[in-house]
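Report on the structure given below.
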Protein chains: 2
Amino acid sequence: MATGESRQPERPWGPAEVREVLRKRGLRYSRPRRVILGYLSEQDRHVSAEGLYLALRQRGDDLSLSTVYLNLRVLAEAGLVREFDGANGEALYDSNPSEHYHVVCPETGEVRDVTLPWVNGQPLASFLKEYVERETGWEIDEPHVSLTGRAPAARADGVD
Amino acid sequence: MATGESRQPERPWGPAEVREVLRKRGLRYSRPRRVILGYLSEQDRHVSAEGLYLALRQRGDDLSLSTVYLNLRVLAEAGLVREFDGANGEALYDSNPSEHYHVVCPETGEVRDVTLPWVNGQPLASFLKEYVERETGWEIDEPHVSLTGRAPAARADGVD
DNA sequence: GTCTCTGCAAAGGTTTTGCAGTAAC
DNA sequence: GTTACTGCAAAACCTTTGCAGAGAC
């Protein structure tokens with residue numbers, strides 16, 4: 001048995017846990033952070049910094065663009081959101097807490113979540129990390145796997 | 001047996017093969033392309049567009065920076081050089097023809113080549129590609145695996 | 001001769017920075 | 001009360017673009 005896909009939009013952490021995670025890093029649970037985490041976990045979508053900025057604006061949750069950028073990065077470093085590369089050289093974010101990766105279609109911009117297979121009894125990413133650590137003697141971070149491809153829609157359009 | 005590391009600085013292709021590869025794409029074997037490929041295959045190092053620009057300049061091979069950028073991309077698309085993400089959000093290039101990946105240390109900027117293991121009788125990248133294609137129904141490109149970590153040197157420095 | 005390429009400078013787009021006021025703790 | 005954070009605008013950054021002249025085929 002290899003795959004274990006599950007993509008529930010379950011809420012990652014409650015406010016208390018979030019606050020605790022932030023506190024441990026000397027970070028505060030400010031309004032922007034509440035608003036951003038709230039949006040991401042409710043919408044369960046993939047957004048860019050600017051997209052998030054605009055979406056929040058429409059909602060009435062006004063944050064400055066630089067605040068959105070700053071906090072998206074801070075929250076990603078704290079492990080509260082996931083960051084990955086979108087279609088136009090822009091970073092995308094989601095707050096899905098389950099281990100997953102993304103496939104991006106450069107033509108349509110569409111993003112699809114994927115769960116990677118297990119290898120040798122462990123998630124592919126961990127397997128890879130340990131392998132590279134043995135191989136190089138370096139202390140390796142969680143591997144980033146970035147996948148691009150053509151969505152069925154793009155192929156149907158006859159785009160080459 | 002899984003690994004098969006070998007990092008010979010063997011010259012990828014001779015001038016004739018390069019010209020042929022380019023011709024097939026309607027591309028010309030211009031001086032900038034000769035110079036860039038020559039440098040990369042001789043030095044067998046990882047360089048950024050700007051680094052390459054400066055290195056060539058010192059050598060007396062003057063190319064404009066935009067020409068370097070353009071051709072690095074063109075050559076990467078033609079499969080004549082490999083492109084990957086360096087430490088500062090800049091793209092790095094090498095001309096090593098053998099299937100390999102890179103580990104980058106964000107602190108020192110150091111880059112180390114790695115050969116990824118095989119899984120189920122095929123290179124990890126192919127395995128992953130096929131897996132994701134089955135899983136999503138998308139037509140997936142060659143997966144990009146990007147690895148970061150702390151080089152022994154960085155750890156020795158006591159950098160946290 | 002044709003068609004791609006070069007070089008220059010200027011623009012592009014995303015992300016970061018500096019600083020004074022504000023708010024979390 | 002401290003200390004981190006916000007917001008604004010301006011800047012920084014890598015990379016791309018437009019166009020006239022040059023060079024590969």
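Every heavy atom of this structure was used, including side-chain atoms; hydrogens, water molecules and symmetry mates were not. Chain identifiers are assigned alphabetically (A, B, ...) following the order of the sequence lines, protein sequences preceding nucleic acid strands; residue numbering begins at 1 within each chain.
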### Task
Output all residues satisfying ring pair (Phe, Tyr, Trp, His ring centres under 6.0 Å) with B/F84, sequence neighbours left out; order by chain, then residue number.
B/H46, B/H102
### Task
Go through the structure and list residues passing ring pair (Phe, Tyr, Trp, His ring centres under 6.0 Å) with B/Y39, not counting sequence neighbours.
none
#### Entry: Residue closer to the 5' end of DNA chain D, A/G26 versus B/S48 (nearest nucleotide)
A/G26
### Neighbour count above 12 (heavy atom, 6.0 Å) for A/R57 CZ
no
### Query
Is there side-chain contact between A/I36 and A/L63, with at least one heavy-atom pair below 4.5 Å?
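Touching, per the 4.5 Å side-chain cut-off.
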Restricting to pairs with a member in [range], which pass salt bridge (charged side-chain N to carboxylate O under 4.0 Å, His left out), not counting sequence neighbours?
{"range": "residues 65-77 of chain A", "answer": "A/R73-A/E77"}
{"range": "residues 63-72 of chain B", "answer": "none"}
{"range": "residues 114-128 of chain B", "answer": "none"}

### Task
Just jot down the salt bridge (charged side-chain N to carboxylate O under 4.0 Å, His left out) partners of B/D141, sequence neighbours excluded, or say none.
A/R150
Just the table, please: protein N/O against nucleotides 23-25 of chain D N/O, every pair under 3.5 Å.
unit_1 : atom_1 : unit_2 : atom_2 : d
D/dG23 : N2     : B/R28  : NH1    : 2.5
D/dA24 : N3     : B/R28  : NH1    : 3.2
D/dC25 : OP1    : B/Y29  : N      : 3.2

### Query
Atom CG of A/L80 and atom OH of A/Y93: how far apart are they, to the nearest 0.5 Å?
13.5 Å
### Summary
Outer limits of DNA chain C sitting under 4.0 Å from a non-hydrogen atom of chain A, read 5' to 3', are C/dT14 to C/dC25
### Task
Take the C1' atoms of the five end pairs on each side of the helix from C/dG1-D/dC25 to C/dC25-D/dG1, derive the two axes, and give their angle rounded to 10 degrees.
50°
### Query
Given B/D94, which of B/H100, B/R82, B/Q43 fulfils the side chain to side chain donor-acceptor pair (under 3.5 Å) condition?
B/H100
### Task
Please name all residues satisfying side-chain hydrogen bond (donor to acceptor under 3.5 Å, both in side chains) with B/Y69, sequence neighbours left out, ordered by chain then number.
none
### Query
For residues 22-37 of chain B, which residue pairs qualify under side-chain hydrogen bond (donor to acceptor under 3.5 Å, both in side chains), counting only residues two or more places apart or in two chains?
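Listed by first then second residue: B/R33-B/N71.
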### Query
Going by number, which of residues 51-78 of chain A have a non-hydrogen atom under 4.0 Å from DNA chain D?
A/D62, A/L63, A/S64, A/S66, A/T67, A/L70, A/N71
